[in-house]
Structure formats: structure tokens, C-alpha cells
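Input: a single structure, listed below in C-alpha cells.
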Amino acid sequence: MLRPLGGGREWQADPAHLRPATQDERLSAGVRAVNERARAAAVAFLDVELPAPPVPVPGCAECDGLADRRRRAWLRYDGSGEADANVLLRPQLAGEHGEERGMGHEGVRGGGAGQPNWPTL
């Protein structure tokens with residue numbers, strides 16, 4: 001039985017198809033686990049939900065580029081890169097699209113804390 005480094009659901013795998021994780025894979029898994037624990041601790045400590053990520057305006061090339069940057073960072077478990085893209089997207093929404101505080105198209109907000117704001121793969 002296998003289990004992700006940060007914990008989670010176990011699964012079975014054919015030993016002939018397994019290989020040791022690379023150093024980058026181990027590092028990414030460790031960083032993701034630490035980020036998830038830190039996010040959960042912040043929510044518990046502050047007793048508030050973290051703000052939802054800004055929602056890009058459909059059809060806007062700048063918004064789409066920043067949303068793609070955020071998604072690529074999320075896939076790399078790069079919380080800092082994800083936050084950077086959000087920081088750049090908020091003024092884009094407020095300035096170019098006149099959306100208050102860059103909270104998203106027509107006031108739509110993303111999922112709750114820790115929920116990505118784009119389709120799953």
C-alpha cells in the first residue's frame with residue numbers, strides 16, 4: 001500500500017511499476033504538506049477563512065495569463081508563486097475591469113479556503 005508523503009488515502013500499485021521519488025518530487029510533496037498544515041493552522045488560529053482567490057474576467061488576455069501563472073504555481077505546490085499571481089490579478093481586475101477589490105467577475109468569489117479557483121485536471 002502507498003500513501004502520499006503529506007498523508008491521505010492509500011492505494012495499491014504493482015511493485016514492477018514503482019520507482020523511488022526524485023529529490024524534486026520529495027521536496028514538492030514536503031512543501032505541499034507544510035503549506036497545507038500552515039493554512040489549516042492559520043484558519044484555526046484566526047478563526048476566519050482565508051480570502052478566496054480573485055476570479056479572472058473571461059476573455060481578458062491579461063487575466064487569463066495571470067490565472068495560468070497562478071495555476072502553474074499551484075501545480076508545482078508553489079504557494080508563493082500562487083500568491084504573487086493573485087497579488088497581480090487583483091489590481092488588474094480593479095483597474096481594467098472596475099471590479100471592487102479584485103474579487104472577481106460580477107462579484108463572484110472562488111471556493112473556500114484552500115480551494116483552487118480553476119477546473120481540476
Side-chain angles (χ1 to χ4, degrees):
M1 297 297 280
L2 299 173
R3 179 175 297 211
L5 180 64
R9 187 177 207 158
E10 293 179 339
W11 72 92
Q12 292 182 333
D14 181 357
H17 293 102
L18 296 179
R19 63 168 174 76
T22 67
Q23 183 176 353
D24 286 345
E25 290 168 335
R26 289 191 307 271
L27 180 60
S28 284
V31 167
R32 180 179 187 190
V34 168
N35 285 342
E36 288 173 357
R37 284 193 302 267
R39 179 172 287 157
V43 169
F45 178 74
L46 299 173
D47 196 28
V48 298
E49 282 195 34
L50 297 175
V55 179
V57 172
C60 171
E62 184 72 19
C63 288
D64 288 344
L66 291 168
D68 184 56
R69 178 177 173 175
R70 176 177 64 191
R71 182 178 166 279
R72 283 182 283 127
W74 179 78
L75 289 171
R76 291 188 315 270
Y77 308 112
D78 177 4
S80 178
E82 191 178 350
D84 290 346
N86 285 337
V87 166
L88 295 171
L89 186 54
R90 279 185 177 28
Q92 164 68 17
L93 292 172
E96 292 294 318
H97 305 294
E99 296 183 15
E100 189 174 327
R101 296 187 312 269
M103 294 312 290
H105 186 59
E106 297 178 6
V108 175
R109 297 180 73 124
Q115 297 299 312
N117 197 27
W118 46 85
T120 56
L121 297 175

Which atom names give the shortest non-hydrogen contact between L93 and C63, and what distance separates them?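 Distance-wise, the nearest heavy atoms are CD2-SG, 3.8 Å.
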
What distance separates C60 SG from E96 CD, expressed to the nearest 0.5 Å?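 So the SG of C60 and the CD of E96 are separated by 7.0 Å.
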
Would you compute the distance between atom CG of L89 and atom CZ of R69 and round it to the nearest 0.5 angstrom?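 Atom-to-atom, L89:CG and R69:CZ are 10.5 Å apart.
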
How about N86 and R90: do any of their side-chain heavy atoms sit closer than 4.5 Å?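 A side-chain contact exists here, since the closest heavy-atom pair is under 4.5 Å.
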
Heavy-atom side-chain contact between P56 and R70 under 4.5 Å: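 Yes - at least one pair of side-chain heavy atoms lies under 4.5 Å apart.
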
So does G81 get a backbone contact from the side chain of R72, meaning a donor-acceptor N/O pair under 3.5 Å?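 Looks like no, no N/O pair under 3.5 Å.
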
Side chain R26, main chain A21, donor-acceptor under 3.5 Å: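 Checked: pair present.
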
